[in-house]
Structure formats: structure tokens, C-alpha cells
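Take a look at the structure below.
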Number of protein chains: 2
Amino acid sequence: MSTSRGGNGRRTAARGTYAVGDERRLRILDAAVEHFAQWGFHASSLARIAKDVGITQGGLLHHFRSKESLLVAVLEHSDEQDVERFFGTEPASAAECFTTLTRLASHNATRLGRVKMFNVLLAEASNPGHPAHAYFTRRNSEVLRRMTGSLRRAVDSGELKPDADCPAVAREAIAVMDGLQLQWALDPEGVDMVAQFRAYADRTLRAITVTGRGLPA
Amino acid sequence: MSTSRGGNGRRTAARGTYAVGDERRLRILDAAVEHFAQWGFHASSLARIAKDVGITQGGLLHHFRSKESLLVAVLEHSDEQDVERFFGTEPASAAECFTTLTRLASHNATRLGRVKMFNVLLAEASNPGHPAHAYFTRRNSEVLRRMTGSLRRAVDSGELKPDADCPAVAREAIAVMDGLQLQWALDPEGVDMVAQFRAYADRTLRAITVTGRGLPA
DNA sequence: GTCTATAACCGGATAGAC
DNA sequence: GTCTATCCGGTTATAGAC
């Protein structure tokens, strides 16, 4: 255990990809997503997660030195896939900003487990003592900051009406996204998350775009 | 334990009020809300809940014969206060429907613990094996059904545009409510849940109301 | 109505064999 | 890198005293 780095693992500098030989780590991460989704953090069990991977609890703790470091690794791993992918490049317009969110909804619609996990952990994390509290607080304000910035630039460029309440629009869009994910997780067949979000995005964008200005695509 | 009725308790027929002598039951219910909010269902502990009330785990199980029946009682107790209060009377118009939702947001803004509990349990309940799965599935479809009905009647009465997508509007409003509650629970000081929802409600109602028709108040 | 005691089990983390 | 063994504590639920 002196050679293991617990929740971090070795990775190349450039893109956060993992060296070969970490397939076991990745399998643990994937299994952990499903367990955190089903049980939340506190009620998840390292032994049950390990069993899904085909090892014992002791074996799992060789890769992640504690339950909390496993949670951190799961969250960081998800962020490498998502946040950079969807928020890495600055949107050139408000329209593109909403399009990006719709594509994110579309992507999430293919990963029920991850959505359920984020639903549960986000809800749990409202407690300051929760190990994911800092993560979600930071993540929320970061997404809010980026989107508000994009919308403000769109106001400056003349795309959006000058009186658009950028922080409020951003917060509302996030609320719709999170709220739809809750409903979709409860009833994946009965809720068309992507269509619902696209309808919201189109209507909201239209409402704050300067009149007569055509929307791309 | 043969005289206790576990999760139901005795109540008068008319309004679900509890007979005197059930103060202990009510205190347990209140404590349980805080624990389910903080720990979720699985990771909550009867002994810790009991300790908050000033009794032992054994004493608690005299009032609720199992952990699951305690959860059911908590949910039913909340519904007596909320759903009937806000959805008992049929809204006379779409405007009143949205006003009712805004008042519900306002009411919820005074009860952080209950909001946190519903956030966590709703997220957890997406798992079919969760003891609250049936409750939230039913509750969601019920709220959706009622609101969709109200909107449809508003279309028929000429208040709303004929092409309004009533189920989509209803689902979206619920998503905004739930999503804002997640953000508010994470940062109660930094999020004005009521103002955010009112802004959403006003704008959305305006977008689907027939042009030139004045909005009450 | 509340307590204590107990049954039977599961939790995370550590140590050390291989 | 994975296992087994172990420590110490927590979990729900039951039984029975008072």
C-alpha cells in the first residue's frame, strides 16, 4: 500500500487517460457508480462493490485506500468525461450554449446509472458533512459561472436582449436539467428527457433573443 | 406491541389529525425527517433517531414496528400537510395553478429539513427496490395528472393557447421546482428559490396564455 | 410506554501471508 | 495484487422485565 496512490492513480498529464494495467481500477469505478446510485454514499458497501468486480473488500482497498477516496475518484473520473467534454470550449453564442446543454442531456440519456448516482449524491451533498459537499458546491457554482458568462457575452454581442437576467436564466436551465433527470430516473420509459429539455431550451432562448434575430440551425 | 399499529397510528376519520397522547409519535416523525434528510433511508439509524427524541431504539420500535413503517409514516404525514393543502382544491385557471405552485415553493422555503429529505428520498427512490419507490412514482404521476388536467381545462376555457402542450408544461414546472429545491438545499443563502420559481411561472404562463388576455393580479 | 439484553448480521479499516 | 483474518463497532428486530 506504500506504492498505491489511493484515490488518484497514475495518469498522463495531457488528457487524464489512464495507463494500461488500470483496467481493474476502471472496473471498480464503474461498479462503484452503480452502488452509489442505488445506495448513496453512506449505505454503499465496499464488500458488495468488490464482489461485483470479482475481488474481496481487502483487494479493493489496495486500489482505493478508503471509501471516501473511492467516492472522490468516481466523481473526478466522471468530470474528466463530462465537464471538459461539454464545457471545455467557450460557447460562441447563447444559442450554442443551449445546444451544448441539450447535447449533454442527450448524452446523459444513455447512462442511467451515472444520472442516478448524481441525483442521489447531489441530494445527499446538501449536508455540509457529506464527503461530496465541497465537490457539488464547487461544481454548481462553476457551471453557473460559466453559463452566466456565456449569456452575458451574448448580451454584449447583441444576440440577447439587454434586460436578460443572465444568472437567473442559467440557474433555471440547471434546475430544469436536474429536475428532468430526477423524473427520468424514476421513470426512464415514460419521460423523454431530451425532447423535454430541447423544448425548454428553444422556448427560453427565443424569449430572451432580440426580436427578429434568426436562430442558427 | 400487540396494541400498536406501527406505521399508521390512530387518527380521526375526518382530517388525519392525531389524538392527544401521540406527541411522542410526532416528535419521532420530526426527528426522522432530519435523519432521512441527512442520511437517506438505508444509512439512517433507528437508534440515532431515538436518541434525538430521548428514548432508546427499543422504545422507538414500540411506536413504529419497523424502519420501513417509520418511513411510510413520515411520507404520509408530510402528504397530509402538503398535497391536500395545495392540491386539494381544483385550480379555477392556469394562472391560479401556477400561483399555487409558487405558494408551495414559498411554503417549502420555510422547511429546509423537509426539502432535503424529499430531495434525497426522491433520488434514492428511482431504484425499484427502494421502500419509497411506489410512493414517489405514484405521487409524481398524480401531481402530473392533476396539473395536466388543470391546464387542459384552461385550454378549453380559452385562457390558454390551443396548441399548448399541457403534459410537457406540467412536467417542466415540476422539474423546475425539484431542480430549484436541489440548488436551494445545497446553498440556502445563495439561492432565492421563490423568486426564481415565480419568474419561471410568470414567464411560462405568459408564453402559453392567449395573446391580449390579461393575467389576474 | 420504555427499558435492557440479546440474536444475528454487516460496516470500514488494518495486518500480514502468499 | 489479492486473499484471509481480525478488530471494533454499528445495524434491525425480538423478548421480556418493569
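Since we're looking at a predicted model, the values are computed, not measured. Only heavy atoms go into these numbers, but all of them, side chains included; no hydrogens, no water, no symmetry mates. Proteins get letters first, then strands, A, B, ... in listed order; numbering begins at 1 in each.
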Whole-Å distance between [N] [atom2] and [X] [atom1]?
X     : N      : atom1 : atom2 : value
B/L61 : D/dA15 : CG    : P     : 12 Å
B/I55 : C/dT4  : CD1   : P     : 12 Å
A/K51 : D/dT2  : NZ    : C1'   : 17 Å
B/Q57 : D/dG9  : CD    : P     : 18 Å
A/H62 : D/dC3  : NE2   : P     : 11 Å

For [N], does OP1 or OP2 lie under 4.0 Å from any side-chain N or O of [X]?
X     : N      : value
B/H63 : C/dT2  : yes
B/S66 : D/dT12 : no
A/T56 : D/dC3  : yes
B/R25 : C/dG1  : no

*Have a look at A/S45 and say if it touches a base, only the backbone sugar-phosphate, or nothing, with a 4.0 Å heavy-atom cut-off.*
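It contacts sugar-phosphate atoms only.
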
*Which residue lies more 5' along DNA chain C, comparing A/R48 with A/G58 via nearest heavy atoms*: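 Looking at DNA chain C, the more 5' nearest nucleotide goes with A/R48.
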
*Of A/H42, A/H130, A/H133, which meets side-chain hydrogen bond (donor to acceptor under 3.5 Å, both in side chains) against A/E124?*
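Checked A/H42, A/H130, A/H133 against A/E124; only one passes side-chain hydrogen bond (donor to acceptor under 3.5 Å, both in side chains): A/H130.
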
*Tell me, please, which residues at least two apart from A/A168 pass side chain to side chain contact (heavy atoms under 4.5 Å, CB included).*
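Residues passing side chain to side chain contact (heavy atoms under 4.5 Å, CB included) with A/A168: A/D165, B/Q196.
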
